[in-house]
Amino acid sequence: MIRIVIDSGIDQNDYMKETYEYDFLPLSVIIDEKDHLDQVEISLEEVHEKMAQGILPKTSQVAPKTILDMLDKGREQGDDVIYITIYSQFSGTYQVAQAVMEEYRRMHPDMNIAVIDSKGGSGGGALLALQAMEMVRNELDFDTVVQQTIWNTEHIQYHFTLNNLMWLVKGGRLPKVAGSAGDALSIKPYLSVNETGIYLKKLVRGQDRIYKRLIKDMKKGVGSFTDQLITVSHVNDYGTALKLEAMVKEALPEASVQIFDIGAVLASHLGIGGAGVFYLDEKPEHYMYIEE
């Protein structure tokens with residue numbers, strides 16, 4: 001059997017947890033100089049509470065021993081392992097996993113293992129994980145699941161925004177003066193992901209306009225692949241997620257939609273009130289249709 005593994009950089013929801021068997025590796029969330037294992041020693045709600053107080057959490061990568069324990073568990077159960085990680089631009093987890101797995105392959109050449117950089121995470125990572133898990137359920141072979149997942153990482157598009165520009169200021173992505181002026185004028189950032197990590201595409205005035213722009217670009221970006229699963233992720237802003245879900249369904253009636261909470265690790269980069277849409281810009285060779 002193939003076991004899919006994800007970490008804190010990949011969003012989860014109840015559907016994923018209830019439908020699939022997979023492993024979760026927690027990164028550490030650092031608050032007040034104290035480390036907490038994400039979703040193990042601290043809940044997402046507790047992280048949100050700290051962020052609401054203006055505290056910007058820090059994060060650290062998955063410990064090598066955690067990866068080794070996961071591999072040992074897979075080997076003992078006779079499973080092959082595919083680990084989809086948070087983007088290597090956000091964390092050193094991918095590099096650590098590569099090093100650990102290279103040594104593990106040398107010691108256990110009979111076991112198939114692979115680590116895949118999600119090249120993003122959040123709702124885009126959720127799309128990757130869902131597709132990989134569904135390919136496993138449909139009994140596609142190890143190499144096919146790995147190669148298709150790698151291909152998918154190159155074709156997932158990220159469109160998201162924040163309610164408060166000051167989180168970009170806290171994260172060093174925007175000057176303080178620009179952040180204060182932008183909030184006063186109700187200017188919202190349009191963010192995406194590229195080879196450097198999260199970047200600011202443009203600033204849009206007005207909340208309704210930024211949502212319409214996200215959906216307009218999504219509708220154009222999916223091309224003819226209109227019946228795919230699109231994910232909507234948010235940071236403690238379910239109302240906005242529902243609004244985006246309705247806008248996606250209106251723009252693309254054939255699409256299905258799932259809503260996810262953005263995990264603590266990426267929430268620390270985005271701040272309270274972040275939300276976005278994630279989709280594939282081309283239909284994969286091995287595409288798995290998934291329910292809402």
Side-chain angles (χ1 to χ4, degrees), residues 5-11 25 27 58-62 82-102 114-132 145-162 165 167-175 178 188-204 210 213-214 216-218 220-223 225 228 230-233 235 260 262-271 274-285:
V5 181
I6 64 174
D7 60 36
S8 298
I10 310 299
D11 292 349
L25 302 187
L27 278 70
K58 298 178 182 178
T59 60
S60 64
Q61 61 202 26
V62 171
I82 299 172
Y83 175 20
I84 303 171
T85 76
I86 186 173
Y87 193 10
S88 56
Q89 291 291 339
F90 302 155
S91 167
T93 292
Y94 172 71
Q95 289 84 353
V96 170
Q98 270 192 317
V100 170
M101 288 189 173
E102 184 176 345
V115 56
I116 299 172
D117 184 348
S118 69
K119 297 189 177 179
S122 186
L127 282 178
L128 290 174
L130 286 169
Q131 284 296 303
V145 177
V146 169
Q147 292 306 314
Q148 185 62 73
T149 303
I150 292 172
W151 186 94
N152 289 351
T153 68
E154 301 288 349
H155 291 273
I156 290 181
Q157 298 297 318
Y158 292 74
H159 302 321
F160 51 101
T161 187
L162 309 179
L165 285 175
W167 286 102
L168 290 181
V169 174
K170 288 176 180 286
R173 292 184 174 84
L174 200 66
K188 307 300 178 185
Y190 185 157
L191 302 168
S192 190
V193 173
N194 63 12
E195 65 279 359
T196 67
I198 296 173
Y199 75 99
L200 179 64
K201 290 182 71 171
K202 61 183 69 178
L203 295 170
V204 179
I210 186 66
R213 185 57 187 263
L214 296 181
K216 179 181 178 181
D217 287 354
M218 175 210 69
K220 180 179 179 182
V222 300
F225 188 21
Q228 64 175 286
I230 292 169
T231 55
V232 172
S233 290
V235 183
F260 290 80
I262 294 177
V265 172
L266 288 179
S268 68
H269 292 273
L270 299 174
V277 295
F278 312 86
Y279 62 89
L280 284 156
D281 62 16
E282 186 177 338
K283 187 173 183 177
E285 179 181 357

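What you are looking at is a predicted structure, and each value in this text was computed from that prediction instead of being measured. Residue numbers start at 1 and run along the sequence shown.
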Sequence neighbours excluded, which residues qualify as side-chain hydrogen bond (donor to acceptor under 3.5 Å, both in side chains) partners of [X]?
{"X": "S88", "answer": "D117"}
{"X": "T231", "answer": "none"}
{"X": "D11", "answer": "S122, S233"}

(request) Classify the ring geometry between F90 and Y87 as parallel (under 30°), tilted (30 to 60°) or perpendicular (over 60°). (result)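 The rings of F90 and Y87 stand perpendicular, inter-plane angle above 60°.
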(request) Classify the angle between the aromatic ring planes of F278 and Y158 as parallel (below 30°), tilted (30 to 60°) or perpendicular (above 60°). (result)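 Judged by the thresholds at 30° and 60°, the geometry between F278 and Y158 is perpendicular.
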(request) Evaluate whether atom CD of Q95 has more than 12 neighbouring non-hydrogen atoms of other residues, nucleotides or ligands under 6.0 angstrom away. (result) yes
(request) Would you indicate whether K201, at its atom NZ, is surrounded by more than 12 heavy atoms from other residues, nucleotides or ligands within a distance under 6.0 Å? (result)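 Yes, enclosed.
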For residues [X] and [Y], determine if any side-chain heavy atom of one lies less than 4.5 Å from a side-chain heavy atom of the other.
{"X": "Q228", "Y": "K283", "value": "no"}
{"X": "L127", "Y": "N152", "value": "no"}
{"X": "L128", "Y": "I10", "value": "no"}

Heavy-atom closest pair, residues [X] and [Y]:
{"X": "L203", "Y": "P189", "result": "CD2-CA, 3.8 Å"}
{"X": "K202", "Y": "R213", "result": "NZ-NH2, 2.9 Å"}
{"X": "W151", "Y": "H155", "result": "O-CD2, 3.1 Å"}
{"X": "L266", "Y": "G9", "result": "CD1-O, 3.5 Å"}
{"X": "S91", "Y": "Q61", "result": "OG-CB, 3.7 Å"}
{"X": "T161", "Y": "L214", "result": "CG2-CD1, 4.2 Å"}

(message) Between D7 and L27, does the side chain to side chain contact (heavy atoms under 4.5 Å, CB included) criterion hold? Intermediate values first, please.
(response) CA-CA 7 Å; D7 60 36; L27 278 70; 3.7 Å; yes
To the nearest 0.5 angstrom, please state how far the [atom1] atom of [X] sits from the [atom2] atom of [Y].
{"X": "I198", "Y": "L162", "atom1": "CD1", "atom2": "CG", "result": "8.5 Å"}
{"X": "I6", "Y": "L25", "atom1": "CD1", "atom2": "CG", "result": "9.0 Å"}
{"X": "Q131", "Y": "T149", "atom1": "CD", "atom2": "OG1", "result": "8.5 Å"}
{"X": "F160", "Y": "I262", "atom1": "CZ", "atom2": "CD1", "result": "7.5 Å"}

(request) Tell me, with the steps shown, if I116 and I82 meet side chain to side chain contact (heavy atoms under 4.5 Å, CB included). (result) CA-CA 7 Å; I116 299 172; I82 299 172; 3.8 Å; yes
(message) For F260, give me all partners under ring pair (Phe, Tyr, Trp, His ring centres under 6.0 Å), at least two apart in sequence or on another chain.
(response)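 None.
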(message) My understanding is that only residues two or more places apart in sequence, or in another chain, count here; which of them pass side chain to side chain contact (heavy atoms under 4.5 Å, CB included) with Q147?
(response)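 Counting only residues at least two positions away or on another chain, Q147 forms a side chain to side chain contact (heavy atoms under 4.5 Å, CB included) with I150.
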(request) For F225 and E282, run side chain to side chain contact (heavy atoms under 4.5 Å, CB included): C-alpha distance rounded to whole Å, both residues' side-chain angles, the deciding distance at 0.1 Å, then the answer. (result) CA-CA 6 Å; F225 188 21; E282 186 177 338; over 6 Å; no
(message) side chain to side chain contact (heavy atoms under 4.5 Å, CB included) for Q157 and M218? Distances and angles first, verdict last.
(response) CA-CA 8 Å; Q157 298 297 318; M218 175 210 69; over 6 Å; no
(message) Filter on salt bridge (charged side-chain N to carboxylate O under 4.0 Å, His left out), then keep only pairs touching residues 145-157, sequence neighbours left out; what's left?
(response)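 As it turns out, the salt bridge (charged side-chain N to carboxylate O under 4.0 Å, His left out) pairs with a partner in residues 145-157, which skip direct neighbours, are K119-E154.
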